> 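What follows is a single structure, and I will ask about it in a moment.
Keep in mind that the numbers below use all heavy atoms, side chains included, and drop hydrogens, waters and symmetry copies. Bear in mind that the values here come from a model prediction, so they are computed numbers and not experimental data. Along the sequence shown, residues are numbered consecutively beginning with 1.
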Amino acid sequence: MKFGYLVPEFPGQTHTFFWRELSALRELGMEPDVVSTRKPNSRIVAQRWAHEAETITTYLTPMAVTSAIKVAGVLIEAARGGQLAKVRRDIVQTTRDVATSAGWRAAVNSLVRESGLLVAAAELSYVASLRGWTHVHVHSCADSAQVALFAHRLTGLRYSLTLHGPLGDYGSNQPKKWEQADFSFVITHRLLEEVTEVLGRDVGVRTEVVPMGVDTDKFSRKGAYIPWDGSGPARLFSCGRLNKSKGHDDLVRAVALMTAQGLDVELVIAGEDEQGGSGYRKELEGLILELDITDRVTLLGAVAEEQVLDYLQRAHVFALASHAEPLGVAIMEAMAMELPVVVTSGGGVVELVENRCTGMLVEPGDPKGLAREILTILSQPDLALSLGHRAKQRVTNSFTSRRGATALTRRLTGRTAPGPAYVDGVTR
């Protein structure tokens, strides 16, 4: 079955999951046709598969002249049939809502933005007709979902959604986006509760919990995990965009606390800020300098998956201090590698990590707590081994990348052989 697969700014530095899911979909006999809003900042793209991904992706912006003619045709046809009037009403209502909440200057900006999304929707409709598919799955509930909604209004193109984080992070018009979708996925039970509460039970019952996952064949150790024995530096590894929400500053402060206690510890952080190194990285570098631990912390920038694997293989502990991680693919990757993890409990992480069973949980914003739990693992080799072993089992049983592909295939084709049921965070 051919269908559209829409991911904003693909391939970004955190998009390895989507690349894995695309591969799993093809293994299941599906034919996903990748579409994206625009290319990402080249300075944050490091994956080896990125060039291949770009060559198979259709970008809605910037629009070629030949496409513009076809898009104009879609809009003219929609105007004749009355469908364009429905989109116009949506845009007018959104503009009024913005004017009421934020003033007319913001409303004018919103009108311009919504008009641009309408044009992108017409192009998406044209691409769908050209490629012979009638459904698009959208891995976002922000502007890309609005584009899919407008395309549905214009031409009847069907669509579905996956929510990857709190609804409030994805902008306005959520009720219409979700009501018009054929079906929807969320990655945690916590998000399902939010969707049901905010959008109503009718939307909630049509929404399925399908967590993100990892390729456990690729993320597998080449040799046994060896706990830190006190000789040489204790190696910590973290992986995540350089964004304030990731709590890297708390982790850096935890390293400073451990260093002050005389522990020989080194932290490596993989990931870059959205500006390609000129944004939050500068603040983080300033903090590292201020704490006088430049010889203890390394910021790698955006790196390829192979480098992530190498650092996970060599690390003694994985740590991530996000303020509210929706679920945490980077955490799953470390767990799949049998690496003990120390992570914060905000967001949906508690559906992945069980405290002192598959990892160590710390309240967000607590550098002392991070330092304490990292030291606990480093000082107790048996605990480190047991945490890593149970973490591997947890990911293998419930968080593989094939699960999402199986769920999407089942919904699109009506096949009656679903993947494993996911109830209360456990595979049944």
Side-chain angles (χ1 to χ4, degrees), residues 6-20 22 34-63 109 113 116 120 139-140 142-144 164-165 169-171 212 236-253 255 266-291 293-312 318-326 328-331 333:
L6 175 55
V7 180
E9 297 188 41
F10 183 74
Q13 64 175 322
T14 62
H15 287 178
T16 299
F17 163 75
F18 302 123
W19 190 245
R20 295 175 190 143
L22 286 166
V34 187
V35 186
S36 188
T37 49
R38 62 183 179 182
K39 292 183 179 181
N41 185 333
S42 61
R43 290 182 294 177
I44 63 174
V45 177
Q47 303 296 351
R48 291 187 179 180
W49 47 264
H51 177 70
E52 181 184 353
E54 289 186 10
T55 61
I56 66 170
T57 300
T58 299
Y59 293 97
L60 301 179
T61 57
M63 188 185 303
N109 291 334
R113 185 179 189 84
H139 266 295
S140 172
D143 285 349
S144 293
H164 292 273
D169 293 349
Y170 291 91
M212 302 169 74
L236 313 182
F237 180 65
S238 187
C239 185
R241 290 175 296 112
L242 297 190
N243 184 292
K244 288 185 178 180
S245 68
K246 293 295 183 180
H248 293 309
D249 57 331
D250 291 328
L251 187 54
V252 167
R253 289 188 173 92
V255 169
E266 295 178 352
L267 169 65
V268 173
I269 301 175
E272 190 56 272
D273 60 38
E274 287 82 352
Q275 292 74 37
S278 60
Y280 184 62
R281 169 187 273 268
K282 298 299 183 183
E283 291 186 39
L284 208 53
E285 288 174 336
L287 176 62
I288 294 167
L289 183 63
E290 177 188 333
L291 295 173
I293 52 172
T294 55
D295 59 335
R296 298 290 180 175
V297 181
T298 300
L299 303 180
L300 290 179
V303 298
E305 183 178 75
E306 290 73 16
Q307 287 177 273
V308 172
L309 278 164
D310 182 53
Y311 279 100
L312 288 172
F318 175 88
L320 187 64
S322 299
H323 299 164
E325 192 73 26
V329 171
I331 302 171
E333 292 173 345

> Side-chain contact, heavy-atom cut-off 4.5 Å: V329 with R20?
yes

> State, yes or no, whether a side-chain contact exists between E52 and W19 at a heavy-atom distance under 4.5 Å.
yes

> Grab the two heavy atoms, one from E283 and one from K244, that are nearest each other, plus how far apart they are.
OE1-CE, 3.3 Å

> Donor-acceptor check, side chain of Q13 to backbone of E272, threshold 3.5 angstrom: yes or no?
yes

> For the residue pair F17 and H139, does the interplanar ring angle fall in the parallel (under 30°), tilted (30 to 60°) or perpendicular (over 60°) class?
perpendicular

> Within this structure, what is the CZ-OG distance for the pair F10 and S144, rounded to the nearest 0.5 Å?
12.5 Å

> Enter the distance from M63:CE to R38:CZ here, rounded to the nearest 0.5 Å.
14.5 Å

> Quick one, Q307 and L300 - any side-chain contact, counting heavy atoms below 4.5 Å?
no

> How many angstroms lie between atom CZ of R48 and atom OG1 of T16, to the nearest 0.5 angstrom?
12.5 Å

> Using only atom types and a distance under 3.5 Å, with no angle test, would you say the side chain of Y280 pairs donor to acceptor with the backbone of Q275?
no

> Looking at A319, is its backbone amide N or carbonyl O close enough to the side chain of S238 to form a donor-acceptor pair, meaning the two atoms are under 3.5 Å apart?
yes

> Judged by atom type as modelled, is there a donor-acceptor pair below 3.5 Å linking the side chain of T37 to the main-chain atoms of E9?
yes

> Taking atom CD1 of I269 and atom SG of C239, what is their separation to the nearest 0.5 Å?
10.0 Å

> Where does the angle between the aromatic ring planes of F237 and Y311 fall among parallel (under 30°), tilted (30 to 60°) and perpendicular (over 60°)?
parallel

> Does a side chain donor of either T298 or E266 reach within less than 3.5 Å of an acceptor in the other side chain?
no

> Does some side-chain heavy atom of M212 sit less than 4.5 Å from a side-chain heavy atom of H164?
yes

> Is any side-chain heavy atom of P11 less than 4.5 Å from a side-chain heavy atom of P40?
yes

> How far apart are the closest heavy atoms of G271 and L242, and which atoms are they?
O-CG, 3.4 Å

> So among D249, L251, V255, which one has a side chain to side chain contact (heavy atoms under 4.5 Å, CB included) with R253?
D249

> Supply the atom-to-atom distance R281 CZ to L299 CG, rounded to the nearest 0.5 angstrom.
5.0 Å

> Going from CD1 on I288 to OG1 on T294, what distance comes out if it is rounded to the nearest 0.5 angstrom?
8.5 Å

> A side-chain contact here means heavy atoms from C-beta on lying under 4.5 Å apart; do V303 and V308 qualify?
yes

> Are E274 and N41 side-chain neighbours, meaning at least one heavy-atom pair lies under 4.5 Å?
no

> Side chain of D273, backbone of G279: donor and acceptor closer than 3.5 Å?
yes

> Less than 4.5 Å apart, side chain to side chain, heavy atoms only: is that true for H248 and L287?
no

